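Since the structure comes first, as structure tokens, the remarks are kept for the end.
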There are 2 protein chains.
Amino acid sequence: MEAGNTRSYHHGDLDAALVAAGYELARAGGADAVTLRATTRRAGVSPAAAYRHFSSHEDLQLAVGARAMADLARSIEVHQADATDPDPAVRARQRLIAVGEGYIGFALDSPGAFDIAMFGLFTMEHAFAPETMGDTGRTPFQLLTDAIADLVAVGLLAAERAEPAAITCWSTVHGFATLATSGPLRTHPRPELDALGARIVRGLTDALLR
Amino acid sequence: MEAGNTRSYHHGDLDAALVAAGYELARAGGADAVTLRATTRRAGVSPAAAYRHFSSHEDLQLAVGARAMADLARSIEVHQADATDPDPAVRARQRLIAVGEGYIGFALDSPGAFDIAMFGLFTMEHAFAPETMGDTGRTPFQLLTDAIADLVAVGLLAAERAEPAAITCWSTVHGFATLATSGPLRTHPRPELDALGARIVRGLTDALLR
DNA sequence: ACTCCGATGTTTACGTTGTTCACATTCGGT
DNA sequence: ACCGAATGTGAACAACGTAAACATCGGAGT
């Protein structure tokens, strides 16, 4: 009795169903809401069933986090769609700014999803995992390094400054996103955070590129 | 039967004893290790006893976090002790760099303490709480804003750029610290992280101050 | 000096969580 | 049509946060 689009067994594609259920919980309540029992409950299945697909609670949370990370990539991609300046140098700069704004925008729009995406904070190989790729087949980290590479190619950034520049950008944007979603800035009104975020991203790129 | 230095009741100063016990657990295992039961166990007391001093588990964790935050302030103060250049402008710059290096150094030296310090990520008023002050009576956040204010006073930074500059510094340093302790950079060898951190802090201040 | 009250700590209990193990059901190949 | 492997269930366990009833201690007031 196949449903058609997905392979079917006892309850359909439970693996994906659990990730979907966990993602809904995460969006509503952050990483802590993605409890093993709540997730299986929402998927209409017994707690132990999760162990046929995930080796532990943490493993499930990482899978949900990967799903969230893919949405983060998509958010960056959407912002990058506006980077259409004919001048390659200007466009490269726009693309880097889009990374920062997409990252921050995603965190502010869906703090719960952002929280689970950063759960455990993944490892470096996690930053290249296919499950965390957006629609263009690139992970958030790759979108950042791509943008930096473009800046080098276009002559706006010295090659030997590429690595620290990438880490600086990542740190700043990530730091601001966490301070703004779960940190001391969390009580600031949204428009103020948007303005502050935009100002920081632009100020940082200006500062880095001469 | 007073012990002398501390007021005594049933078990001595349980409030402080619990924070101390929790801090040891946090240093060894991060915020998650500061479980209510483990902390009371280590203090030689029953779990429910904690509720005479803290309204909830989270409340206890926040108290332990404040203790860790005070140590963070002390780490910054130690680094700032080296900022002794006779030129006030150079000294102001040194002091800002010391904030970043003290922050990052503390995170790398005691990731568990750093983790609990950032637990819940505190609120803005938490950033001014006396329990989080170092030996100079200033909190980490205040040490940062002090340094920025000095730069303005000395003419190295325009006054209207002070606030975004402060948030940028905070974001970058905080972001790098989390990426380096619990993030994808966590597997990098320590000396490499030290060098990277120093390079980022210096590069950022150079970029911000013209 | 004695009593009493409030502050402090204990015991017991409840519900929730992650996890495991023995058991039941279903699917797919032969 | 069967059988083994894959998948889901049920019951159980230890650990957790929390609450309520009970015990004990110290100091204030007579």
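Scope of the values below: all heavy atoms of this structure, side chains included, with no hydrogens, waters or symmetry mates. Keep in mind it's a predicted model, so treat the numbers as computed, not measured. So that the names make sense, note that chain A is the first sequence line, chain B the second, and so on, each numbered from 1.
- Whole-Å rounding puts the B:Phe54 CZ to C:dT8 C1' distance at 14 Å.
- Inter-residue side-chain proximity for B:Asp115 and B:Thr181 is flagged as unmet; no heavy-atom pair is nearer than 4.5 Å.
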Go through B:Arg190 and B:Asp109 one step at a time and tell me if the side chain to side chain contact (heavy atoms under 4.5 Å, CB included) criterion holds.
CA-CA 9 Å; B:Arg190 176 64 195 271; B:Asp109 284 340; 3.0 Å; yes
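- Taking every side-chain heavy atom of B:His57 into account, D:dT18 is the closest of C:dT10, D:dT9, D:dT18.
- Distance CZ (A:Arg41) to P (D:dG8): 18 Å, rounded to an integer number of Å.
- Atom CZ of A:Arg42 is separated from atom P of C:dT17 by 14 Å (rounded to the nearest Å).
- Residue contacts for B:Thr35: at a heavy-atom cut-off of 4.0 Å it reaches the sugar-phosphate backbone alone, with no base atom in range.
- Aromatic ring pairs are classed by plane angle as parallel below 30°, tilted from 30° to 60° and perpendicular above 60°; the pair A:Trp170 and A:Phe141 is tilted.
- Here A:Arg93 pairs with A:Asp206 in a salt bridge; the nearest charged N to carboxylate O distance falls below 4.0 Å.
- The A:Arg52 side chain lies nearest to D:dG8 when the options are D:dG8, D:dG17, C:dT8.
- At the phosphate of C:dG9, OP1 or OP2 sits under 4.0 Å from a side-chain N or O atom of B:His53.
- In the set D:dA21, D:dA19, D:dG8, D:dA19 carries the atom at the smallest distance from any side-chain atom of B:Ala48.
- Between B:Asp82 and B:Gln94 there is no side-chain heavy-atom pair separated by less than 4.5 Å.
- A:Phe114 and A:Tyr103 have perpendicular rings, their planes meeting at more than 60° on a 0 to 90° scale where under 30° would count as parallel.
- Comparing atom distances between the B:Tyr51 side chain and each of D:dT18, C:dT20, D:dC16 picks out D:dT18 as nearest.
- B:Asp59 places its CG atom 14 Å from the P atom of D:dG17, with the value rounded to the nearest Å.
- Atom CZ of B:Arg186 sits in a crowded spot, with more than 12 heavy atoms from other residues, nucleotides or ligands closer than 6.0 Å.
- Remark: nothing in residues 21-33 of chain B comes within less than 4.0 Å of DNA chain C through any heavy atom.
- The listed nucleotides are C:dT10, D:dT9, D:dG17; the one nearest the side chain of B:Arg37 is D:dG17.
- Rounded to whole angstrom, the span from the CG atom of A:Leu14 across to the C1' atom of C:dT25 amounts to 15 Å.
- Comparing atom distances between the B:Leu36 side chain and each of D:dT18, C:dT17, C:dG18 picks out D:dT18 as nearest.
- Rounded to an integer number of Å, the gap from B:Asp13 CG to C:dA7 C1' is 14 Å.
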